Amino acid sequence: MDDRYDVIIAGAGPAGAQCARDIAERGYDVVVLEAEAENKFPAQSNKSTGGTFASMMTSFSVPDDVVMHATDSVVIESPNNYLIRDQPGFVLEFSEFKEFLVEDGRKKGADYRFNARVRDPIIDNGNVVGVRYNSDEEVYAEIVIDATGPAAPLAKSLDIVDLERKNHAIGIEYQFEGIDLNHSGYADLADAMMLQLNHEYAPGGYSWIFHTGGDTAKVGVCFIQNKRYREHATEDRTVDGFLEYWLETDPRFENAKRVPDTQVRGSAHIQPPGAMSTSSFMAIGDTVPSVDPVWGEGVYKCMKSARVAAVTADRCLTGTVDTSTGAMAVYDDLWHEQVASRQNRRQIMTRLLYLASNERYDQLIKDLNEASGDSLSAINDGNIREIAKLFYSNDLPLLWRYWRKS
């Protein structure tokens with residue numbers, strides 16, 4: 001087994017596997033270290049709803065055969081209102097999507113080592129030169145990339161990321177059958193992806209229904225655990241408890257039944273990233289988390305961060321090898337330019353959204369229904385003028401509370 005490569009990637013999720021695809025396609029020797037056993041992958045790490053749009057499918061050549069269901073619209077619900085926007089989308093069979101990325105990377109020349117749990121970086125004269133994994137195994141490379149998500153053993157060891165528990169969001173999802181997707185009084189969710197802002201079901205977060213064909217859908221809830229974001233919660237429920245409460249009280253689920261073996265649990269951090277690289281090292285994907293205020297689209301962000309990391313690696317390894325801190329910082333610049341531009345505005349909007357009251361959610365949906373069709377996309381992109389249009393004078397206490405505690 002080789003112990004030296006051009007690039008080592010820790011983690012075979014969407015970010016790590018996509019980065020391996022891109023790097024191998026450029027002709028470099030790359031190895032991916034994945035903690036799961038190959039015969040179980042990705043059962044233990046299937047942690048996404050898998051909702052995405054055409055932009056990701058085309059950008060990364062994702063095949064149709066990993067799509068569970070193609071949707072025609074997106075819906076945002078508040079407790080007493082809803083917004084419908086025509087926008088083609090795709091609900092992925094997430095495990096098959098991840099398997100595709102791995103197999104396509106292998107076809108392009110990437111090596112994979114499963115049952116390889118990363119421990120810490122190998123440092124020589126202040127530079128990252130390799131990775132230790134399992135008990136005492138080592139592998140070396142010019143560049144090391146951490147794509148392990150919130151665990152981030154390499155990035156944390158190098159003080160690259162500080163994922164704060166106060167910004168930690170948790171979620172749970174099941175697939176259900178027997179859902180009434182066009183119930184009277186609600187938006188028609190046939191061929192739709194729906195996100196719901198309602199503290200009764202997800203205090204300090206959101207819930208969702210993603211149609212997966214017939215009378216089936218992915219159903220889940222996610223919220224930030226911090227008490228500040230859960231101040232609207234009326235009961236001390238766990239994330240499982242909130243999902244159960246939603247299922248019991250929403251008439252659309254009256255005849256719904258869980259599809260066996262479809263439980264998904266995941267977590268994310270809702271916070272702006274700090275530095276993302278240092279000498280010979282980059283952190284990608286959910287190790288440096290980013291989400292859009294409205295759609296989330298965390299998987300797309302992970303994939304884009306993988307691509308700009310591959311571009312950076314190519315630049316640093318072409319000709320005279322230069323993996324200095326300054327050379328690797330190209331990744332940070334590309335991340336802020338191409339992965340999550342206007343990141344600070346997006347983060348503020350995201351966190352303010354989860355702090356607003358249910359009554360304010362109803363007003364928000366009313367305003368969005370009256371706005372132009374492009375306003376929602378502009379808000380999601382961090383357009384300050386469009387964001388400002390959503391605020392009223394009586395929002396000042398909310399804004400003050402946000403800034404005082406930030």
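Both backbone and side-chain heavy atoms feed into the values below; hydrogens, waters and symmetry mates do not. Note that the structure is predicted; figures quoted are calculated from it, not measured.
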### Query
Any donor-acceptor pair under 3.5 Å linking the side chain of Lys156 with the backbone of Pro150?
yes
### Task
Kindly say whether Val30 contributes a backbone atom to a donor-acceptor pair with the side chain of Asp6 at under 3.5 angstrom?
no
### Task
Would you indicate whether the side-chain heavy atoms of Pro153 and Thr148 approach each other to under 4.5 Å?
yes
### Task
Using a cut-off of 6.0 Å, state whether more than 12 heavy atoms not belonging to Glu244 lie near its atom CD.
yes
#### Entry: Non-hydrogen side-chain atoms of Met328 and Cys316 separated by less than 4.5 Å
yes
### Task
Using a 4.5 Å cut-off on heavy atoms from C-beta on, say whether the side chain of Val219 contacts that of Leu243.
yes
### Message
Is a donor from one side chain sitting under 3.5 angstrom from an acceptor on the other, for Tyr186 and Glu77?
### Response
no
### Query
With no hydrogens and no angle check, is any side-chain donor or acceptor of Ser324 less than 3.5 Å from a backbone partner on Ala327?
yes
### Any side-chain heavy-atom pair of Val118 and Asp146 under 4.5 Å
no
### Query
How many angstroms lie between CG in Leu364 and CG in Leu83, if you round to the nearest 0.5 Å?
8.5 Å
### Query
Any donor-acceptor pair under 3.5 Å linking the side chain of Thr278 with the backbone of Thr325?
no
### Message
Val221 vs Ile172, test: side chain to side chain contact (heavy atoms under 4.5 Å, CB included). Steps then yes/no.
### Response
CA-CA 6 Å; Val221 299; Ile172 183 173; 3.9 Å; yes
### Query
Is there a donor-acceptor pair closer than 3.5 Å between any side-chain N or O of Tyr331 and the backbone N or O of Ala283?
yes
### Rounded distance (nearest 0.5 Å) linking atom CZ of Arg113 with atom CD1 of Ile8
8.0 Å
### Query
Which atom names give the shortest non-hydrogen contact between Pro121 and Val128, and what distance separates them?
CB-CG1, 4.2 Å
### Closest non-hydrogen atom pair, Ile284 against Ala15
CD1-O, 3.6 Å
### Query
Has the side chain of Asp332 got a donor or acceptor atom that lies under 3.5 Å from a matching backbone atom of Met276?
yes
### Query
So, Arg237 and Glu248, do they make that salt bridge, N to O below 4.0 Å?
no
### Task
State whether the side chain of Gln175 and the backbone N or O of Thr262 hold a donor-acceptor pair below 3.5 Å, judged by distance alone.
no
#### Entry: Distance-only polar pair, side chains of Ser280 and Asn127, donor-acceptor under 3.5 Å
no
### Summary
Minimal heavy-atom distance between Cys19 and Ala309, with the atoms involved, is SG-CB, 4.1 Å
### Query
Can you tell if the side chain of His211 reaches within under 4.5 Å of the side chain of Asp191, non-hydrogen atoms only?
yes
### Message
Walk me through whether Arg26 and Val311 qualify under side chain to side chain contact (heavy atoms under 4.5 Å, CB included).
### Response
CA-CA 9 Å; Arg26 286 170 165 81; Val311 169; 3.6 Å; yes
### Query
Taking the inter-plane angle between the rings of Phe253 and Phe176 on a 0 to 90° scale, is it parallel (under 30°), tilted (30 to 60°) or perpendicular (over 60°)?
tilted
#### Entry: Distance-only polar pair, side chains of Gln363 and Arg360, donor-acceptor under 3.5 Å
no
### Minimum-distance pair of heavy atoms, taken over all atoms of Val32 and Gly11
CG1-O, 3.5 Å
### Task
Would you give the length of the straight line joining atom CE of Met56 to atom OH of Tyr300, rounded to the nearest 0.5 angstrom?
8.5 Å
### Query
Quick one: CG on Leu334 to OG on Ser305, what's the gap to the nearest 0.5 Å?
11.5 Å
### Query
Should we count CZ of Arg132 as having more than 12 external heavy atoms under 6.0 Å?
yes
### Message
Does this structure show an ion pair linking Asp362 with Lys366, if we count only N-O contacts that are shorter than 4.0 Å?
### Response
no
### Task
Look at the side chain of Asn134 and the backbone N and O of Arg117, then say whether any donor-acceptor pair between them is shorter than 3.5 Å.
yes
### Short side-chain to backbone donor-acceptor contact, Asp180 and Arg252, under 3.5 Å
no
#### Entry: Backbone of Tyr82 reached by a side-chain donor or acceptor of Asn369 within 3.5 Å
yes
### Query
Hey, are the side chains of Glu38 and Asn115 touching, using non-hydrogen atoms and a 4.5 Å cut-off?
no
### Query
Out of curiosity, Ser157 OG to Asp120 CG, how far, rounded to the nearest 0.5 Å?
6.0 Å
### Message
Please tell me whether Tyr201 and Asp250 have a donor and an acceptor in their side chains that are separated by less than 3.5 angstrom.
### Response
no
### Summary
Heavy-atom nearest pair, Phe53 first then Pro88, reads CD2-O, 3.3 Å
### Task
Determine whether Ile123 and Leu158 make a side-chain contact, defined as any pair of heavy atoms from C-beta on separated by less than 4.5 Å.
yes
### Message
Before we go on, tell me: are the rings of Phe97 and Phe94 under 6.0 Å apart, centre to centre?
### Response
yes
#### Entry: Pairwise side-chain contact, Gln196 with Trp246, heavy-atom cut-off 4.5 Å (strictly under)
yes
### Message
So which atom in Met57 and which in Leu92 form the shortest heavy-atom distance, rounded to 0.1 Å?
### Response
SD-CD2, 3.9 Å
#### Entry: Audit row: Lys304, Gln338, side chain to side chain contact (heavy atoms under 4.5 Å, CB included) steps and yes/no
CA-CA 8 Å; Lys304 289 201 288 186; Gln338 299 181 22; over 6 Å; no
### Message
So, taking the atom named CD1 in Ile23 and the one named CD1 in Ile143, what distance separates them when rounded to the nearest 0.5 Å?
### Response
7.0 Å
### Task
Test side chain to side chain contact (heavy atoms under 4.5 Å, CB included) on Tyr361 and His199 and set out the steps.
CA-CA 10 Å; Tyr361 287 153; His199 293 298; 3.4 Å; yes
